[in-house]
Amino acid sequence: MSRYGRIYDTVRKIPAGRVATYGQIAMEAGLPGHARQVGYAMAALTEGSDVPWHRVVNARGGISARSAGPAFEQIQRLLLEAEGIPFGPEDHIDLERYGWDPSE
DNA sequence: CCGTTGACGGCGA
DNA sequence: ATCGCCGCCAACG
C-alpha cells in the first residue's frame, strides 16, 4: 500500500458534507491523470478502514457501478444523503455546490 | 512475459 | 447534450 497511501490520505481530507471526484483525488495526491488507480485503491479498502470512501464520486457527480454489486452503491448514496448531500433527478450530485475545494 | 480487466476521464464525432 | 474510443497503470491468470 506504499503508493496508494497518498490516495487514502487525500480522501481522508474530504470534509463531511462534501464530495470529490476520482480525478480530483488523483491530482491532489500528486498522481494527475490516474483517476483509475484511485478507483482501484478504493476497491482494495476493508470495512474497518477510516477512509471516507463514500465521499468519492465520478466526474459527473454520480456513483460509479462496481463489481462488488449494487448494494454498496445504495449504501454510498444513503451515507451521502445522511451528510446532507442531495441527489438530482438523474441521480447526480451538484458538484458546483457540494464539490470539495482543497483550498478551503 | 503477455493479454485482460477495472469504484475513471477527456476528447472528438 | 450524448456516445464511443482511447489512454493510464496496477493486479491477475
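Reminder, nothing fancy here: chain letters follow the sequence lines and each chain counts from 1.
A 4.5 Å side-chain heavy-atom check between A:Ser64 and A:Val57 finds every atom pair outside the cut-off. A heavy-atom distance below 4.5 Å is not found between the side chains of A:Leu78 and A:Ile75.
The CE atom of A:Met42 sits 14 Å away from the C1' atom of B:dG6 (whole-angstrom rounding). If you measure from atom CD of A:Gln74 to atom C1' of B:dA7, you get 16 Å, rounded to the nearest angstrom. Between A:Tyr22 atom OH and B:dG6 atom P there is a gap of 15 Å when expressed in whole angstrom units. With rounding to whole Å, A:Tyr4 atom OH is found 11 Å from C:dC8 atom C1'. The separation between A:Arg6 atom CZ and C:dA10 atom C1' is 18 Å, rounded to whole Å.
One distance of note links OH of A:Tyr98 with CG of A:Leu80; it measures 11.5 Å at 0.5 Å rounding. Atom-to-atom distance recorded for A:Gln37:CD and A:Ile7:CD1 is 7.0 Å, nearest 0.5 angstrom. From A:Ile25, atom CD1 reaches atom NZ of A:Lys13 across 9.5 Å, with rounding to the nearest 0.5 Å. Atom CD1 of A:Ile85 is separated from atom CG of A:Asp94 by 11.0 Å, given to the nearest 0.5 angstrom. To the nearest 0.5 Å, atoms CG (A:Asn58) and CD1 (A:Ile93) are separated by 9.0 Å. The structure places CZ of A:Arg18 at 10.5 Å from CG of A:Leu95, a figure rounded to the nearest 0.5 Å.
Within 6.0 Å of CD on A:Glu81 lie more than 12 heavy atoms contributed by other residues, nucleotides or ligands. Environment of CZ in A:Phe72: sparse, with no more than 12 heavy atoms of neighbouring residues, nucleotides or ligands closer than 6.0 Å.
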Pair assignment for DNA chain C - dot-bracket with | for other-strand partners, Watson-Crick or G-U under 3.5 Å: .||||||.|||||
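Geometrically, A:Arg36 does not engage A:Tyr22 in a cation-pi contact, judged by NZ or CZ lying under 6.0 Å from the ring centre and within 45° of the ring axis.
Legend: side-chain hydrogen bond (donor to acceptor under 3.5 Å, both in side chains) pairs involving residues 46-57 of chain A, not counting sequence neighbours, sorted by first then second residue: A:Arg12-A:Asp50, A:His54-A:Glu83, A:Arg55-A:Glu83.
DNA chain B lies under 4.0 Å from at least one heavy atom of each of the following residues of residues 25-39 of chain A: A:Ala35, A:Arg36, A:Gln37, A:Gly39. Near DNA chain B, defined here as any heavy-atom distance below 4.0 Å, the residues from residues 52-66 of chain A are A:Trp53, A:Asn58, A:Ala59, A:Ser64, A:Ala65, A:Arg66, listed numerically. If you check residues 92-104 of chain A against DNA chain B, you find no residue with a heavy atom closer than 4.0 Å.
Atom name C1', nucleotides B:dA7 and C:dG13: the rounded distance is 22 Å, in whole Å.
Residue A:Ser67 places at least one side-chain N or O closer than 4.0 Å to OP1 or OP2 of B:dA7.
Residues passing the side-chain hydrogen bond (donor to acceptor under 3.5 Å, both in side chains) test with A:Gln24: none are found, sequence neighbours excluded.
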